[in-house]
2 protein chains.
Amino acid sequence: MSITKVRLSDQVYLELKRMLEEKEFSPGDKFHSENELTAMLGVSRSSIREALRLLEVAGFVTVQHGKGIFVSDPGNAGQKALEKWLNENETSLSEHFEIRLIIDPKAAASAARKADESDIKKLREICAQFKQSVAKGNTADTINFDEQFHLTLAKSTKNRTLYMIMKTMTQSLPEGWISSLHVPGRIEKTIKEHCAIVDAIEARDLARAEQKMAEHLTNALNDIRSSMHKDPEVTK
Amino acid sequence: MSITKVRLSDQVYLELKRMLEEKEFSPGDKFHSENELTAMLGVSRSSIREALRLLEVAGFVTVQHGKGIFVSDPGNAGQKALEKWLNENETSLSEHFEIRLIIDPKAAASAARKADESDIKKLREICAQFKQSVAKGNTADTINFDEQFHLTLAKSTKNRTLYMIMKTMTQSLPEGWISSLHVPGRIEKTIKEHCAIVDAIEARDLARAEQKMAEHLTNALNDIRSSMHKDPEVTK
DNA sequence: TAATTTGACTTGTCTGACAAGCAGATGTCT
DNA sequence: AGACATCTGCTTGTCAGACAAGTCAAATTA
């Protein structure tokens, strides 16, 4: 039997995690300050801070200099880990696309089966907002609503793990992906393609939802490639 | 533009990670001590220690009280965090299966396109070893080779991100999954199904590889369910 | 009233100190 | 000489206190 002396900061980590779960903190709430925590737990600030680093990478809290410690959306918890890995291993455009092409279409099919009316309503709203932002020429919003569309779709599969993976992938896209919306004509096509996907979901047509999503991704990638170089070959 | 003041410990984290990668440390090697690092990087020990906690959860190093800091196998690096999330959020059997059913068949198709001869050779070897362990009645090995099969297949897609996701999913299966091999007749079916998949990959038949993998997973799940309860409904 | 300053609070970093675990060198006794 | 105990120097773990730096609101001033 190995009696492992548990590091104090690890115990603090578990204790703080317990507090966050049990006390039912809401996302965005301000958590206790470092000084408060040292008093509450009776350990030094160093140990508190080391535990905070762990809570941070685990996605339970976000720490802001001068402001304080804030509870983050538990839906984000754990996701940061994957996100970090993706960023540090700078996945190529083709790798990213390959996975998106595997997951997203099937997720669309799954959504066509499991999405409830509020999900579909929200998807329609996002499509409308997307169209609006395009009309206004607000590119920041446009990019954001494009992201929102894929995320809402992922959420309506009711599969938390699937949602987590897709959310992470979506939010840590490689460079070129975002620029696809700058390709002439791509935005207009995106509007139509998104609508077609929602239509299929609403009609509970699994196969069509899957197909439309696959088309959407493939079209986007083709436009990206042709805009970047004339070279159709991607990396190696 | 948000100019984010980067935390010093985060910079140290990146710097240490760079050192670990570039200097080509071997797993098990002793890394620089905390005091050496403070001298080398010119920052306080606090910052070094906070960075070390990050390196630790990321799986790059292991720290032992009184002995020192040791380099760990980089193959596992980064994955531990995601594994932690999956364990802490105890994904249900149906959630796990849904994702496997999305990813694995497509991965098999991708492998049918990208696997080289050594990959296929290795897959055949694992199939043979699987069969051997079954004959010997060594269940531990049997489970291990089953895992190996799916991992090797994932690796032969040449997509690191895909491999990382599949590896994590495979290694943190929910309870019931492993017990599928204990269902009477399941092992024999597994042998045939694995062979059929490898055959398809060797023949470069993308569609068949995808289909055989889907069948394999579906059959496994059905056997699990029927063995657990007569109830075909899963969770809620 | 409006702009500015002050001050209290937050997290970020540094320093020095001591406890605790480990391993090899040293020394002592048989 | 060999076996055992001790000492010493390294390591990480924890603590306490100090100051820098960012943030926000109340108090002060023009």
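All chains are named by letter (A, B, ...) in the order of the sequence lines, taking the proteins before the strands, and each is independently numbered beginning at 1.
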Participant: Which parts of nucleotides 6-12 of chain C does protein reach within less than 4.0 Å, heavy atoms only, written one letter per nucleotide 5' to 3' as B for base, S for sugar-phosphate only and - for none?
Facilitator: ----BBB

Participant: Base, sugar-phosphate alone, or nothing: which one does A/Ser46 contact when heavy atoms must sit under 4.0 Å apart?
Facilitator: base

Participant: Find the distance A/Leu41:CG to D/dA16:P and express it as a whole number of Å.
Facilitator: 13 Å

Participant: Under the salt bridge (charged side-chain N to carboxylate O under 4.0 Å, His left out) test, which residues partner B/Glu98, sequence neighbours left out?
Facilitator: A/Lys114

Participant: Between B/Ser156 (side chain) and B/Asp119 (backbone), is there a donor-acceptor pair under 3.5 Å?
Facilitator: no

Participant: For A/Lys131, I'd like to know if atom NZ has over 12 heavy atoms of other residues, nucleotides or ligands within 6.0 Å.
Facilitator: no

Participant: Check the angle between the aromatic planes of A/His216 and A/His150 and answer parallel, tilted or perpendicular using the 30° and 60° thresholds.
Facilitator: parallel

Participant: Grab the CG-C1' distance between B/Asp10 and C/dT13 for me, whole Å please.
Facilitator: 13 Å

Participant: Between D/dG13 atom C1' and B/Ile48 atom CD1, what is the distance in whole Å?
Facilitator: 16 Å

Participant: Taking all non-hydrogen atoms of both residues, which atom of B/Leu16 and which atom of B/Leu41 are closest, and how far apart?
Facilitator: CD2-CD1, 4.0 Å

Participant: Using 4.0 Å as the upper bound for N to carboxylate O, is an ion pair formed by B/Glu21 and B/Lys17?
Facilitator: yes

